[in-house]
Amino acid sequence: MKSSDIRSKYLAFFKKRGHAIIPAASIMPLEDTTTLFTGSGMQQMVPYLKGATHPKGTRLTDSQPSFRTDDIEEVGDNRHTCMFEMLGNWSLGDYFKKEQLPWFYEFMTEEVGLDPTRLYVTVFAGDSGIPEDEDAIKIWQDIFGNTTTARDGKLGFDPNIKIYTYSSNWWSRAGGPTKMPVGEIGGPDSEMFYDFGEDHKFHENSTWKDDLCHLNCDCGRFLEIGNSVFMQFEKQEDDSFKPLPAQNVDFGGGFERIVAASNNDPDIFKIDMFAPIIRIIEVTSGKKYEGDNLAPMRVIADHLRAATFMMGEGLEPSNKMQGYVLRRLLRRAAVKARHLGVDAALVIKQSIPGILEEYVSAGFLKAGQTDRIIEVATTELTKFGKALDKGLRELEKCDAKDLNARFAFDLFQSSGFPFEITEELAKQKGVTLSKSDFDAVFQTHRNDSRTASVGMFRGGLADQSEVTTKLHTATHLLQSSMRKILGNEISQAGSNITPERLRFDYTFSGKPTPDQLIEIENMINDTIKKNLPITRQIENKIQAIKSGAMAFFADKYPDEVSVYIVGNVEKDWFSKELCGGPHVNATGEIGGIKIFKEESLGSGKRRIYAKLVTL
Ligand code: SER
C-alpha cells in the first residue's frame with residue numbers, strides 16, 4: 001500500500017472515532033528544552049497527559065515526524081531509520097484499554113489489511129510493585145478468540161500463542177520504571193508485532209542465533225508496528241509512582257514499518273518513501289541494491305531523507321546542537337557514498353525534490369524551498385569533500401608509528417575525517433586501529449568539554465523534571481517583565497535551561513540598571529504570587545502574532561501554532577508566547593525566582609540568569 005494512503009486512512013479512522021487531528025510539532029523543539037529533537041508523538045502532549053486541558057478536546061490524533069539521535073548508529077539493517085513518522089492517538093482521561101486495543105487491531109487488519117495470522121502482541125508482566133496488566137490480556141484474548149497466553153515471552157515463540165508477557169512492556173521516555181527520573185510520566189504498554197515468517201530466517205543469521213527467538217529478541221523476523229501506552233503514573237521523589245489525574249492512552253505506530261508490513265516485505269527501504277532514493281543511488285553509483293551495498297545504501301537514503309527534512313524546517317549545518325547532528329548526517333552519508341564510488345552531493349541533489357514533495361503534500365513542510373535546500377546541502381557536502389581530501393593527504397604523510405587512536409581522533413576533530421576511513425587506510429600501512437581506543441579518546445574529550453547541552457545528544461529524553469518546567473515558565477515571565485520595564489525593544493536571542501538555573505539571551509541597545517533588575521524580579525515574583533493560570537491554545541500563527549504573542553524565530557513555526565498564555569486568555573494577559581511547552585499549570589507552582597547575574601555578550605546582545613527560590 002502507498003504510504004500516503006496509510007497516513008490518510010489512519011487520521012480518518014481516528015477522526016471518525018471522535019479524535020481531533022492536531023498539527024505535528026516541529027521535529028526540532030522550538031524553544032530550548034533539553035531535547036534536541038522531537039523523538040515521539042507524545043512529546044508535545046506531556047502537559048496534557050499530566051492533567052492540563054487540551055484546547056482540542058480529549059481525543060487527539062496526528063502523524064509526528066520524529067528523530068532519534070541514539071538510532072543513528074543502528075541504521076543499515078532492514079528496519080532501523082533515525083527519522084520516522086509516528087502515527088499517534090491519545091485519550092486524555094477519555095477512553096481506555098477496552099476501546100484502544102480493539103481499534104488498534106481493527107486499524108491494522110481492516111484498514112491496512114494486515115493478515116491477522118501474522119499479528120502477535122506483548123503485554124506488561126508486572127514490575128516495580130505494579131501488577132501484570134490482566135485487563136489488556138483479557139481484551140486481547142477476546143480479540144484473538146484465543147485464551148492461551150505465554151507468561152514469559154523470553155521463553156520462546158509459538159505461532160499458536162498470540163499473547164506474550166514481558167516485564168519490559170513499560171514505556172516512558174527514559175525506559176523502564178526504575179530508569180524514570182522524578183517528574184517523568186509512564187505506564188504499562190502493549191505492543192503489536194508483525195511476523196515476516198520463518199522463511200526469512202533472520203534469527204539464524206544473526207548474533208542471536210544461539211538464543212531462543214521470541215517477539216522482543218530484535219533479530220528482525222518480528223517487526224514492532226505499534227505501541228499502546230497506558231499512561232497512568234508520574235515518578236515521585238521517593239521512587240514511588242503517583243497516579244496521574246486521569247488514565248490516558250498514548251499510542252504510537254511506526255508509520256514506515258506499518259507500510260513495510262502492508263507490503264509483507266521486511267525491508268523498510270523498499271517502501272515507496274525510500275525506493276526512489278535507493279534507485280537514485282543505484283543509478284549514480286552503477287551498483288545494485290544487494291549484498292554488501294545494502295547497508296551503505298540504506299544509511300545514505302535514511303540520512304539524506306532526515307537531513308532534507310531538517311533543512312526543510314530551516315535548519316542549517318553547524319557545529320552546535322541540532323545543526324551539528326545535521327552536519328553529522330550529511331557527513332556520514334558522504335562517507336558511505338565514497339565507499340560506493342558515488343558523490344553524495346549528486347545523490348542528494350537528485351533526491352531532494354522527491355523527498356520535499358512527499359512532506360509538503362503531507363502538510364509537514366512549506367513548498368518552494370527546493371533550490372535553497374539543494375544549495376545548503378551541496379555547499380556543505382562540497383566543503384566536506386575537501387576536508388576528506390585533506391585528511392587523506394595527512395594520512396598519507398603520517399608515519400606508521402604515529403598512526404594511533406589519538407591521531408585518528410585529531411583528524412576527526414579537526415576536519416570531521418571519519419574513523420572508518422582512517423581505519424581503512426591505516427590497514428594499508430600495516431596498522432590496525434582499535435575502535436574502542438578511538439571511542440575512549442573521544443569519551444575523554446567529551447568528558448573534558450562537557451556542557452549542559454551534551455546530555456541533549458542522547459536524544460528522545462527531555463528533562464521534564466518539575467524544576468525545569470518551573471524555570472521554563474519563569475523564562476516566559478522574565479521576557480514579559482523585561483519588555484514591560486525595559487521596553488518592547490527586548491527580544492529573545494536564545495535561552496538555555498538546566499535544573500539549576502535559567503539563562504536568557506536578549507537584544508537590547510542599553511543596559512538594565514540594578515534598580516531595573518530588582519523591578520523585573522519583583523514583577524515576576526508578584527505574578528507568581530497571583531497564581532495566574534497558564535493555558536495552551538492552538539492558534540493561527542499570523543493571528544497569534546497580531547494579537548501580541550511573542551515568537552522567537554517566527555518563520556520557523558507552522559501555520560497553526562501552540563501558544564502559552566499566562567493570565568486571562570482573552571485580553572490583558574501577562575504573557576503570550578508561541579511555545580511547545582511544557583509549563584506549570586499556574587504561576588504559583590514556580591514558588592519564586594531570583595536574578596543572580598546579568599552581563600553583556602557584545603554586539604547589542606545581553607545575557608541574564610535566574611534561579612528558583614522560596615519567597
Ligand atoms: N510514546 C510511545 C512510543 O514512543 C507510544 O506513542 O513508543
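Start at 1 and go down the list; that is how both ligands and their atoms are numbered.
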Would Lys242 pass as a cation-pi partner of Phe233, given that its NZ or CZ must be under 6.0 Å from the six-membered ring centre and within 45 degrees of the axis? no

Tell me whether Arg257 forms a cation-pi arrangement with Phe255, defined as NZ or CZ under 6.0 Å from the six-membered ring centre and within 45 degrees of its axis.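 No, Arg257 and Phe255 do not form such a contact.
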
At less than 4.0 angstrom from any non-hydrogen atom of [X], what atoms of ligand 1 do you find?
X	value
Met42	1 (N)
Arg68	4 (O)
Phe251	5 (C), 6 (O)
Val229	2 (C), 5 (C)

Is it true that [Y] and [X] share a donor-acceptor pair across their side chains at a distance under 3.5 Å?
X	Y	answer
Asp115	Tyr194	no
Ser228	Gln100	yes
Asp152	Tyr164	no

Any N/O of Gly252 closer than 3.5 Å to an N/O of ligand 1? yes

Considering both backbone and side-chain atoms of Ser40, is one of its nitrogen or oxygen atoms within less than 3.5 Å of a nitrogen or oxygen in ligand 1? no

How far is atom 1 (N) of ligand 1 from its nearest protein heavy atom, and which residue and atom is that? Asp250 OD2, 2.7 Å

Residue, atom name and distance, where the atom is the protein heavy atom closest to atom 7 (O) of ligand 1: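 Going by distance alone, atom 7 (O) of ligand 1 is nearest to Asn227 ND2, 3.3 Å.
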
Side chain proximity check, Phe84 to Arg68, heavy atoms < 4.5 angstrom: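 The answer is yes, as the side chains (C-beta and beyond) meet within the 4.5 Å cut-off.
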
Mark yes when over 12 heavy atoms from residues, nucleotides or ligands other than Glu74 sit less than 6.0 Å from its CD; otherwise mark no. yes

Can Met86 be said to touch ligand 1, with heavy atoms closer than 4.0 Å?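 Yes, Met86 has heavy atoms under 4.0 Å from ligand 1.
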
